[in-house]
Amino acid sequence: MNSVIAQLKQHQLAIIGVIVALISTGLFMARSGLIDELTLKEAELNSRLRIINQNVKNSKNISDDVATLAGYVTEIEAHLFASDERSVNVDFFYSFEDRLDVHVSDVNQLEISGSGLGKDGPNELKIYSAINYDINVTADFQDIVEFLYEIHAADALMRVAGFQIDQAKHSVEKLSANIRVVVLAEKNKN
Amino acid sequence: MSNRQKIQPYWRPNFKIKSSLPDIKVVRTGFIVNFVIITFVLIAIFSLLHRQYYANSLRTTIDLTEARVRQAEPEDRLRLENSERFRKAAQSIEELERFYRAPYFADEFLINISQLKPEGLIFSRLSFSERVIEAKVIKKKTKIPARMTYNINIAGEVSELIILTEFKAAIEASPLMNLEGYSVVVDESIQQRSAETGITPFQLRISLMVINLEPSVRKGGQG
């Protein structure tokens with residue numbers, strides 16, 4: 001025992017050194033978790049900052065673009081058909097008779113659509129809906145073409161989704177056209 | 001005397017107590033032990049200080065970054081709100097584009113087809129319709145999405161069959177049948193020629209099928 005104490009006395013510096021080294025190593029190990037935590041936090045903040053910078057880049061002139069698009073949307077919504085206003089809608093098609101030399105014999109508002117605008121269709125509408133009309137028109141070729149043109153040029157948002165043109169039954173000069181028109185309308189609330 | 005010399009042992013005891021003898025090595029053991037331990041202590045202290053310094057610099061960086069994020073966040077929130085408004089408005093425009101998606105406007109189609117009609121050919125029926133081909137799942141993994149197909153049916157009469165051949169060739173070569181994103185199939189059928197008039201009734205069936213998918217519009221930021 002005495003010899004061990006003697007040895008220790010002889011190497012005082014070494015013993016103090018070992019104690020200091022052990023304390024340092026202990027502290028070093030204890031702080032390794034803190035470094036990981038800080039590194040993670042720094043990475044998260046950098047990532048957040050990168051996203052913010054990316055957003056700055058991506059949203060260049062976005063206020064102007066939003067204003068422009070909002071203008072278009074207002075314009076679109078001003079021209080939508082209301083599906084519950086059947087008489088107004090049907091009368092819209094009969095009103096072509098006043099402007100063109102056509103006879104509109106029949107206008108039917110249809111419930112079903114075959115134009116792919118419905119649910120799971122390739123052109124599915126989510127914000128708006130579509131109303132289909134089956135219209136029978138009698139006129140000569142030129143006026144039928146003009147009627148089709150007027151459908152596209154109308155203020156309301158509509159297009160011709162199909163047609164069939166045959167010889168009219170009681171006239172040699174006239175043609176009979178069955179036209180399927182699809183009109184962009186307000187989304188049905190129910 | 002000679003006998004005493006004979007009992008003299010060949011070895012002699014070593015009475016040296018090594019621990020009490022002075023260390024006379026060129027480099028003393030104590031020095032080596034102290035040197036090694038001091039080196040180790042210095043390494044340990046240096047590592048600890050370095051880690052502490054690194055932690056402090058990380059904290060400073062974090063504080064600075066946090067301040068920058070805090071400063072940028074209100075404007076970023078505004079940008080995200082604008083982005084959301086843009087996305088919603090763009091959806092409306094996209095819907096309008098989808099609504100109008102079709103290979104032709106009906107009036108343009110009629111004008112074009114009537115311009116292609118040669119002398120000696122009469123149309124008796126002209127129709128255009130669109131139809132949805134439902135989505136299909138193949139082998140549980142591959143899904144073919146629903147697609148639109150557009151059918152054009154031209155029925156009529158022709159005085160000579162060569163005119164029908166020319167009309168069909170003209171249709172196939174026209175821009176009407178060469179639309180990007182559509183596959184086109186033109187099929188003809190003829191009925192029996194009238195013995196009295198020499199007129200042959202015919203039917204041309206044209207099918208246009210959508211083959212490509214549209215890219216989506218993206219603009220704005222992420223939250």
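From a predicted model like this one, the values you see are computed outputs, not experimental measurements. Naming convention: chains lettered A, B, ... in sequence-line order (proteins, then strands); numbering from 1 in each chain.
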Working for salt bridge (Lys or Arg N to Asp or Glu O under 4.0 Å), residues Arg180(A) and Glu130(B): CA-CA 10 Å; Arg180(A) 171 71 58 91; Glu130(B) 49 187 39; over 6 Å; no

For residues 182-194 of chain B, pull every pair meeting salt bridge (charged side-chain N to carboxylate O under 4.0 Å, His left out), keeping only residues two or more places apart or in separate chains. Lys168(B)-Glu188(B), Asp187(B)-Arg205(B)

Any idea which heavy atoms bring [X] and [Y] closest together, and the distance?
| X | Y | answer |
| --- | --- | --- |
| Phe99(B) | Val182(A) | CZ-O, 3.2 Å |
| Ala90(B) | Leu69(A) | N-CD1, 3.9 Å |
| Leu38(A) | Ala55(B) | CD1-O, 3.7 Å |
| Ile62(A) | Ser83(B) | CD1-CA, 3.6 Å |
| Leu58(B) | Ile35(A) | CD1-O, 4.1 Å |
| Val41(B) | Gly17(A) | CG2-O, 2.7 Å |

For [X], is it the side chain, the backbone, both or neither that has a heavy atom under 4.5 Å from a heavy atom of chain B?
| X | value |
| --- | --- |
| Gln167(A) | backbone |
| Val181(A) | neither |
| Glu124(A) | backbone |
| Thr68(A) | neither |

Could you tell me whether the side chain of [Y] reaches within less than 4.5 Å of the side chain of [X], counting heavy atoms only?
| X | Y | value |
| --- | --- | --- |
| Ser124(B) | Asp166(A) | no |
| Ser92(B) | Tyr128(A) | yes |
| Thr61(B) | Asn46(A) | no |
| Glu73(B) | Arg48(A) | yes |
| Pro122(A) | Arg147(B) | no |
| Ile165(A) | Arg125(B) | no |

Per-residue contact mode, Ile38(B) against chain A (heavy atom under 4.5 angstrom): side chain

Given a strict heavy-atom distance threshold of 4.5 Å, which part of Tyr104(B) is in contact with chain A: side chain, backbone, both, or neither? neither

Atom [atom1] in [X], atom [atom2] in [Y]: separation rounded to 0.5 Å?
| X | Y | atom1 | atom2 | result |
| --- | --- | --- | --- | --- |
| Phe28(A) | Arg51(B) | CZ | CZ | 3.5 Å |
| Ile19(A) | Ile37(B) | CD1 | CD1 | 10.5 Å |
| Leu125(A) | Gln91(B) | CG | CD | 12.0 Å |
| Ile76(A) | Leu96(B) | CD1 | CG | 4.5 Å |
| Leu49(A) | Glu66(B) | CG | CD | 11.5 Å |
| Ser24(A) | Phe46(B) | OG | CZ | 13.0 Å |

Can you name the residues of residues 141-155 of chain A that have some heavy atom under 4.5 Å away from a heavy atom in chain B? Phe141(A), Ile144(A), Val145(A), Leu148(A), Tyr149(A), His152(A)

Is atom NE2 of His50(B) surrounded by more than 12 heavy atoms (other residues, nucleotides or ligands) closer than 6.0 Å? no

Taking everything shown except Lys41(A) itself, do over 12 heavy atoms lie less than 6.0 Å from its NZ? no

Backbone N or O of Ser127(B) within a donor-acceptor pair of the Gln164(A) side chain at under 3.5 Å? no

May I ask you to decide if Phe105(B)'s main-chain N or O and Arg159(A)'s side chain share a donor-acceptor pair within less than 3.5 Å? no

Could you tell me how the ring of Phe128(B) sits relative to the ring of Phe163(A): parallel (under 30°), tilted (30 to 60°) or perpendicular (over 60°)? parallel

Against chain A, work out which of Ala72(B), Ser47(B), Ser114(B) has the most heavy-atom pairs shorter than 4.5 Å and name it. Ser47(B)

Taking atom types as modelled, is there a side-chain donor on Asn55(A) or Arg79(B) under 3.5 Å from an acceptor on the other? no

